[in-house]
Engineer: 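Provided herewith is a single structure, encoded as structure tokens, for subsequent inquiry.
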Amino acid sequence: MSQIEDLVVNALRKEAELKPIDRGFLWNRNPHETRIQFLPFEPPVSASGVSFGLSATCIIETIFDGQFTGDDYFLARLNKRSCWGNFFSENQRLGMRATYCIYDREPAAHWVARTLLRAFGEQIALGFAIAQSEFSPNSLAANRANLEYPRQWAAPVDPAIFASAAQTFRNRDFASASGHLSFTVEVPLSPGQFSRAVQSAAETALLCVSIGVPHPLAGVGYCGTIALPFDPPPSAIPTWCKVLNDAEHHLHDFVPRIGAWGLRSANNQIAYTLFYPTNEPDAGVPSMIMNWLVTRMMWVRKEFWTSGSGLGHDEDPS
Amino acid sequence: MTEVTFAFIDHVKNVLQSFNLSLTLSKEDHPNEARLYNVNTPDGPTEVFVHRTSRSLNTSVHEYRVRVNSHMQPPFPSPSEDANDTFNRFATLASVELRDQTVLCQCLIPTAFPDTTAAVLSTAIAAGRHSLMGGVLNRSASPDSDLQRLSKWTDLDFEQIHYDHAHLATGILGHRTWTITLSQYNRLELTAVHNNPYWGGGLLCLLSTPKHSVSASYENFSASILNSWSNLLGTAPTFGAWTTDGDRFVFIQFIPNFLKECLGITDLIVHWALTRSAELPLLVRNQREYLLRRKL
């Protein structure tokens, strides 16, 4: 058992409300249900020297009560504001799922354990509030008041962390810029493309991590986004969101999947959003989230992107 | 015409009924897939022209445009471009062209949020001219007579706009206002205002760009030129008008309170601004080509 699993299990063992299951717990908050479970991973013999020792994948999944009749389009709209995972539908039930690879030699084991515990504890209430507010926009203010997430940072955030983070990515040959509240990185999606700032039509994905974008329901925190240089046809975007969200969860060794690909703007843009609600500044988190976004975008580039035409422009993503 | 087009026209008819107005078919041209409708608004007749776009005629894409043309009642003198600029500062959902004595707007029939676009178009048909001229007259008569009705757009609405468009660029969230730089030069500013001279409360949407980013100073292009070309072939709806503010061109648009209930209205406003921002170079290029052809 990894240190992370040990920390999580020990924290949850004391809770009488939880039902133990194989390497995890079930939380039945009638009529909704959440589970946290560590699924074992048998690593193949690796020839590479450096490894953090992937030992398991932690899955945190909520199934909401009631019949869900929404389609992929509605799910994609929901996912633009999802937090602690992505919305999905199975057997006419709405659900929310986050997955997180657990490494034996994770250098930030306590931080990861706390993140998993928070996702487990908050997925039902926040997920329900996000979904209800999308179904009924007038309920947003009430849900926001009910959840009471902090709307101010507990301490000022030093803008220098963004300048320093941007420099780190420039050192890695990415175009990167910083501001007082955010920094951006561009991932080239076609050979010879570098930055939209130099060439407005450059085929690059724009990645941004910001502390100045509060979530309408989850308060302040770190907001990471990925915007593609051009989008698939609007009719294909809901399917692309589903394909990408599902495909991420099936990856064995990947960055945390606690955000979602969703449908934005006038139903014509696909964007990835990861929101980490917190009011406690941590100088290392913006760079860490950006690393996750860069890795995610490299994966999209390798598996799905066609230079010049984007996400399989004329193909059926399913 | 397509089913989508007829559904859109039906929705316009329904919304116009809430203004006690009706859309009456006056002419139909089958071969060119065009229809002319009349609307008798209290301040004079308005023509609504629905037609297939010329660029889609020989393609499999069925693209239709709706044009609204209202003659100014009564006619105003001094048809200069400067006067256009002054008048268009009071634009809400249409632009004025004093030379032709008309108030104009247009939109392509969209696939995303068609009902919302139809509601905005209907409001432009019903009150585009009246709100613009009413704003001019009201302001000239007495600045104290401004309407004061609280905008329905709250801080919570702006926070949602800020979050939902965070992927585009770094926006700035203020007290009942939100600003974002869409490209190197173009700045979109949405502000809740309560004193529009005609409507009172609503959302003021300003897209501004430095004149030098659009054209060279020797070209001396005016905002009227941008209005003409965007009304003629714009992809973004021209619910509003280009005008001038110092060394910047500004597209001014005002969405009255009652349209806030329309699904996706703020998403559409940002989308329109993005489209408008992207098509600015095209509008200018058209003017340059037009001038070149005239010279030749």
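Chain A is the first sequence line, chain B the second, and so forth, proteins listed ahead of strands; every chain is numbered from 1.
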Engineer: Restricting to non-hydrogen atoms, name the atom on B:Ala112 and the atom on A:Ala266 that form the minimum distance, rounded to 0.1 Å.
Structural biologist: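 Heavy atoms only, the tightest pair is CB-O, 3.3 Å.
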Engineer: Within the supplied structure, the quantity of interest is the number of heavy atoms (other residues, nucleotides, ligands) at a distance under 6.0 Å from B:Glu3 CD; does it exceed 12?
Structural biologist: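 12 or below, so no.
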Engineer: Considering only heavy atoms, which portion of A:Pro234 lies under 4.5 Å from any heavy atom of chain B: side chain, backbone, both, or neither?
Structural biologist: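 Nothing of A:Pro234, per the 4.5 Å heavy-atom cut-off to chain B.
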Engineer: Using a cut-off of under 4.5 Å for heavy-atom pairs, which of A:Leu140, A:Leu207, A:Leu217, A:Leu181 has the most such pairs with chain B?
Structural biologist: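 Ranked by heavy-atom pairs under 4.5 Å with chain B, first place is A:Leu140.
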Engineer: Can you see which heavy atom on B:Leu156 is nearest to which on A:Pro216, and at what distance?
Structural biologist: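 B:Leu156 and A:Pro216 have their closest heavy atoms at CD1-O, 4.5 Å.
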Engineer: Which side chain or backbone donor-acceptor pairs connect chain B with chain A at less than 3.5 Å?
Structural biologist:
residue  : atom : partner  : partner atom : Å
B:Glu159 : OE2  : A:Arg144 : NH1          : 2.7
B:Glu159 : OE2  : A:Arg151 : NH2          : 2.4
B:Gln160 : OE1  : A:Arg81  : NH1          : 3.1
B:Gln160 : OE1  : A:Arg81  : NH2          : 3.0
B:His162 : NE2  : A:Gly212 : O            : 2.8
B:Tyr163 : O    : A:Arg264 : NH1          : 3.0
B:Asp164 : O    : A:Arg264 : NH1          : 2.8
B:Asp164 : OD1  : A:Arg81  : NE           : 3.0
B:Asp164 : OD2  : A:Lys80  : NZ           : 3.4
B:Asp164 : OD2  : A:Arg81  : NH2          : 2.6
B:His167 : ND1  : A:Arg264 : NH1          : 3.3
B:His167 : NE2  : A:Gln269 : OE1          : 2.6
B:Asp267 : OD2  : A:Arg77  : NH2          : 2.9
B:His271 : ND1  : A:Asn268 : ND2          : 3.1

Engineer: Does any heavy atom of chain A fall under 4.5 Å from the side chain of B:Ile172, the backbone, both, or neither of them?
Structural biologist: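 Looking at B:Ile172, nothing touches chain A.
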